[in-house]
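What follows is a single structure, written as structure tokens, with notes after it.
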Amino acid sequence: MNTETVDAVLEGEQRNRRRVGSGVGSGSSDGPGSRGNGGDPHEHDLDGGVSIPNKARVFTAFLLVVVLMTFGGLSAAYVMTASNGKVEWRPFALPVQVWISTLIIIASSFVYHRGKVALDKFDRLAAKKWLAATTVLGAAFISSQLLAWLELSERGLYFAGNPYAGFFYILTAVHALHVLGGVIALGSVVLGTWNGIYSDERWERVQSLGQTVGWYWHFMAGVWIVLFLLLGFWQ
């Protein structure tokens with residue numbers, strides 16, 4: 001074996017060691033590179049161990065349980081009051097802004113999914129575009145809720161005097177506050193994609209945060225659909 005052959009073999013072995021050590025596979029030109037398992041936070045380390053689960057995921061799961069209990073209790077109270085013939089229950093037609101809000105939040109859930117797919121593909125430019133659009137839709141949803149409340153006040157429908165109106169204000173206001181929290185959390189993901197990221201570790205943190213915020217965002221979209229059906233068709 002001549003000297004050139006030996007050098008070529010050694011160079012190939014060094015490339016293989018770097019590839020194994022970094023764990024980096026093929027990736028988008030806009031991202032820092034993608035790992036073989038798509039940046040799974042539970043991936044195996046080189047020493048055979050498993051990384052610690054992301055604390056944000058545990059917190060988000062706990063938060064979703066709390067949110068579920070909150071809206072479950074409010075919805076149960078709504079159904080019981082609506083079914084009780086002893087109260088002066090006066091339903092009214094939902095403002096058109098409520099229907100618009102429903103379309104907006106459904107669209108935002110779809111747009112967020114596109115952004116999460118871009119995150120998983122290490123496509124920073126696409127992720128930035130879709131997630132920023134989701135933030136705008138979230139703000140539009142909250143704005144439409146404010147317009148709905150203004151419409152009801154112009155009709156002379158206030159919190160007091162009509163239990164149905166009271167539940168409408170409570171349910172939509174509590175939901176809007178939760179969506180506002182989701183918009184704030186989403187902003188941190190958008191900032192993570194907006195700034196330059198030059199390491200796999202930082203990008204994986206943004207991916208993990210994007211996944212947990214996605215759980216919350218889709219969950220709040222589902223809660224709104226339930227509230228919309230409840231307020232609009234269980235009167």
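The figures here come from the full heavy-atom set of this structure, side chains too, leaving out hydrogens, waters and symmetry mates. All figures in this text were calculated on a predicted structure; none of them were measured in a lab.
Looking at Phe219 and Leu68, their side chains come closer than 4.5 Å, going by heavy atoms from C-beta outward. Counting heavy atoms from C-beta on, the side chains of Pro95 and Arg155 come closer than 4.5 Å. Taking 4.5 Å as the limit, every side-chain heavy atom of Leu229 sits out of range of all side-chain heavy atoms of Trp234.
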Verify side chain to side chain contact (heavy atoms under 4.5 Å, CB included) between Tyr164 and Phe92, making sure each step is shown before the conclusion.
CA-CA 8 Å; Tyr164 176 80; Phe92 48 79; 3.3 Å; yes

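Note: Trp149 and Phe168 fail the aromatic proximity criterion, with ring centroids not under 6.0 Å apart.
When all heavy atoms of Asn162 and Glu88 are compared, the closest pair comes out as OD1-O, 4.0 Å. Residues Val190 and Ala132 share a closest heavy-atom pair of CG2-N, 4.0 Å. Here the closest heavy-atom approach between residue Tyr169 and residue Leu152 is recorded as OH-CB, 3.3 Å. Nearest heavy atoms, Phe167 versus Leu74: CE2-O, 4.0 Å.
Hydrophobic clustering (side-chain heavy atoms under 4.5 Å, transitive across Ile, Leu, Val, Met, Phe, Trp, Tyr) keeps Leu209 apart from Leu191.
Ser83 contributes a side-chain N or O that, together with a main-chain N or O of Val79, makes up a donor-acceptor pair within less than 3.5 Å.
For the salt bridge (Lys or Arg N to Asp or Glu O under 4.0 Å) test, residues two or more places apart in sequence or in another chain that qualify with Lys116 are Asp120.
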Tell me which donor-acceptor pairs under 3.5 Å the side chains of residues 175-189 have, and how far apart each pair is, sequence neighbours excluded?
from, atom 1, to, atom 2, distance (Å)
His175, NE2, Met220, O, 2.9
His178, ND1, Val174, O, 2.7
Ser188, OG, Ala185, O, 2.5

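Listed by first and then second residue, the side-chain hydrogen bond (donor to acceptor under 3.5 Å, both in side chains) pairs involving residues 214-229 are Thr102-Trp224, Ser108-Trp217, Ser109-His218 (not counting sequence neighbours).
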